[in-house]
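Heads up: the structure comes next, in structure tokens.
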2 protein chains.
Amino acid sequence: MSNPAEILIIDDEVQMRKLLEITLQSNDYTVRQAATAKEGIIMAANHPPDMIILDLGLPDEDGHSVLQKLREWYTNPVIILSVQSNEEDIIKALDSGANDYLTKPFRTGELLARMRSALRGTFTEENNPVLNFNNLQIDLSARTVKKNNELIKLTATEYTLLATFAKNEGKVLTHHYLLREVWGPGFINQSQYLRVFIAQLRKKIEDDPNRPEYFVTESGVGYRFVFKE
Amino acid sequence: MSNPAEILIIDDEVQMRKLLEITLQSNDYTVRQAATAKEGIIMAANHPPDMIILDLGLPDEDGHSVLQKLREWYTNPVIILSVQSNEEDIIKALDSGANDYLTKPFRTGELLARMRSALRGTFTEENNPVLNFNNLQIDLSARTVKKNNELIKLTATEYTLLATFAKNEGKVLTHHYLLREVWGPGFINQSQYLRVFIAQLRKKIEDDPNRPEYFVTESGVGYRFVFKE
DNA sequence: CACATCTTTATAAAATCTTTATACAAACGT
DNA sequence: ACGTTTGTATAAAGATTTTATAAAGATGTG
């Protein structure tokens, strides 16, 4: 749904910070702000954001030097804003590790698009979806399932079934729905398939397969995937 | 020493191609060129370059459409060049997967810096040259593989396949994905290729090829490259 | 041509899916 | 209460799909 990416703005101009804050927040980013280089570096270090927007013209320290310090350890995207548009500055910033360089005044739509471009490919929650249930972890991008941090070997069908449950945690899923999602529309009457595979998942995932906690039977209707914390 | 990154230029203007060719070659890039969208897509598919520089104003097809087609499978950086500087075009291109957008005429120094920035973070050159797994070392820039410090002789295809695995350690890679990455988009149904080459890699790399530890089969789905420390 | 490599074919083995058989449990009507 | 019906659980046999590997054929390169 919303984009939970956290952005740190380092800029000394109040108006600019305010403009960025409003623009970014209305696009579902979480915004933190710093007015000086020193403050910005401390904030980044204490709680690394998903992206830093850095103004080159800071009062207390040269922007290029700030960028270099950040890049010693900070690996997420850094976008530079600057009133300078001379080539030398741009090249220097990009070669110091900036991901992009925009000249003030900039168009907010373009900034947002360049932010999306830079954030693409980084590992925010959105990009690397790991579903967490109790001691069970399902990594949808790696297609792996761990229980108590140990990999569980699932067949293709077992995994698809589990993923379907995990995406609908708490909901009752009917036999029809599950059969159609996992096996296809032609299989909606093969309820026995479902019983067999539920039994297999229980054997692999439940602590006590005879007393299922994750996979609850809703007799006559279907199954429900639950977890209590 | 030199930067072996291979760049594909897709631009219909001869002068522009010539300018880029000279600029890039004198910066140690290998350059290939296409004058039309059709030609460019074919060249990219046959032998995926490390980066594509795409002119939006091609005669035979809309540039945005070309970009979208490329992004269906091409994952390396794409930089857009365009005479258009209206915000709508820029946003559209960036949101379609472009890594950067420069307006013609551009400053060559800036282009080169933006290229370096975009190539940073990809594996192709001498960035993260050595991946370490257990007793296995993969030097991506030298294209060499060592096991227990002894060089292992791999063919081009074997190496590409191994490198693809190494870059996605822990993830399940589907047959489709591997075939597309290693052989190209036209080969996604040749699963037997994969089996043959996996067997070869296991023979060369696994301690006991009959009990594979690095190359794990995910039956019906693909393979996964793992290493336990 | 000789060589290395890639592609294709053949076949055995392994893994997975489907089907069958049987047991259990709850609901229902008489 | 009793037997019957309906729905569920599980093991295990059978069928099918997928995989592993060797080896033969094709291709290309110096």
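Proteins get letters first, then strands, A, B, ... in listed order; numbering begins at 1 in each.
- Note that the CD1 atom of Ile41(B) and the CG atom of Leu8(B) stand 10.5 Å from one another [nearest 0.5 Å].
- Between Lys203(A) and dA9(D) there is no side-chain N or O to OP1 or OP2 distance below 4.0 Å.
- Under 4.0 angstrom from either OP1 or OP2 of dA9(D) there lies at least one side-chain N or O belonging to Thr217(A).
- Classification of Arg32(B) and Glu21(B) as a salt-bridged pair fails, no side-chain N sitting under 4.0 Å from a carboxylate O.
- Nearest to the side chain of Ser219(B), among dT18(D), dA9(D), dA11(D), sits dT18(D).
- Between Phe165(A) and Tyr214(A), the ring center distance fails the sub-6.0 Å criterion.
- Distances shown here put a side-chain N or O of Arg202(B) below 4.0 Å from the OP1 or OP2 atom of dA20(D).
- Backbone-only contact: Thr157(A) has heavy atoms under 4.0 Å from sugar-phosphate atoms and none from a base.
- The nearest whole Å value for the distance from the CD atom in Gln200(A) to the C1' atom in dT18(C) is 11 Å.
- A straight line from CG of Leu154(A) to P of dA15(C) spans 15 Å, rounded to a whole angstrom.
- Between dA15(C) and Thr155(A), no contact under 4.0 Å exists linking OP1 or OP2 to a side-chain N or O.
- OP1 or OP2 of dT18(D) has not a single side-chain nitrogen or oxygen of His175(B) nearer than 4.0 Å.
- In this structure, Tyr159(A) places its OH atom 16 Å from P of dT16(C), rounding to the nearest Å.
- Between Gln190(A) and Val196(B), it is Val196(B) whose nearest contact on DNA chain C lies nearer the 5' terminus.
- Residue Arg195(B) has no polar side-chain atom (N or O) positioned under 4.0 Å from OP1 or OP2 of dA20(D).
- With rounding to whole Å, Asn210(A) atom CG is found 13 Å from dC24(C) atom P.
- The existence of a salt bridge linking Lys38(B) and Glu61(B) is excluded, since no basic side-chain nitrogen approaches an acidic carboxylate oxygen closer than 4.0 Å.
- Not one side-chain nitrogen or oxygen of Lys153(B) sits closer than 4.0 Å to the OP1 or OP2 atom of dA4(C).
- Between Leu179(B) atom CG and dT7(C) atom C1' the separation is 13 Å, expressed in whole Å.
- When heavy atoms are screened at a 4.0 angstrom cut-off, Tyr223(B) is found touching the sugar-phosphate backbone but no base atom.
- For the pair Glu158(A) CD and dA15(C) P, the computed distance is 14 Å after rounding to whole Å.
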Report task. Check step by step if salt bridge (Lys or Arg N to Asp or Glu O under 4.0 Å) holds for Asp208(B) and Arg202(B). Result -> CA-CA 8 Å; Asp208(B) 178 2; Arg202(B) 280 178 176 154; over 6 Å; no
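- Between Asp100(B) and Arg114(B) there is a salt bridge, since a side-chain N of the basic residue sits under 4.0 Å from a carboxylate O of the acidic one.
- For Phe197(A), whose side chain is taken as the heavy atoms from C-beta onward, the closest listed nucleotide among dT19(D), dC17(C), dT8(D) is dC17(C).
- Comparing Gln192(A) and Ile198(B), the nucleotide of DNA chain D nearest to each residue sits closer to the 5' end for Gln192(A).
- If you take CG of Leu161(B) and C1' of dT7(C), they are 15 Å apart, rounded to a whole angstrom.
- With rounding to whole Å, Leu201(B) atom CG is found 12 Å from dA20(D) atom P.
- The residue among Tyr193(B) and Trp183(A) whose nearest nucleotide of DNA chain C is located toward the 5' end is Tyr193(B).
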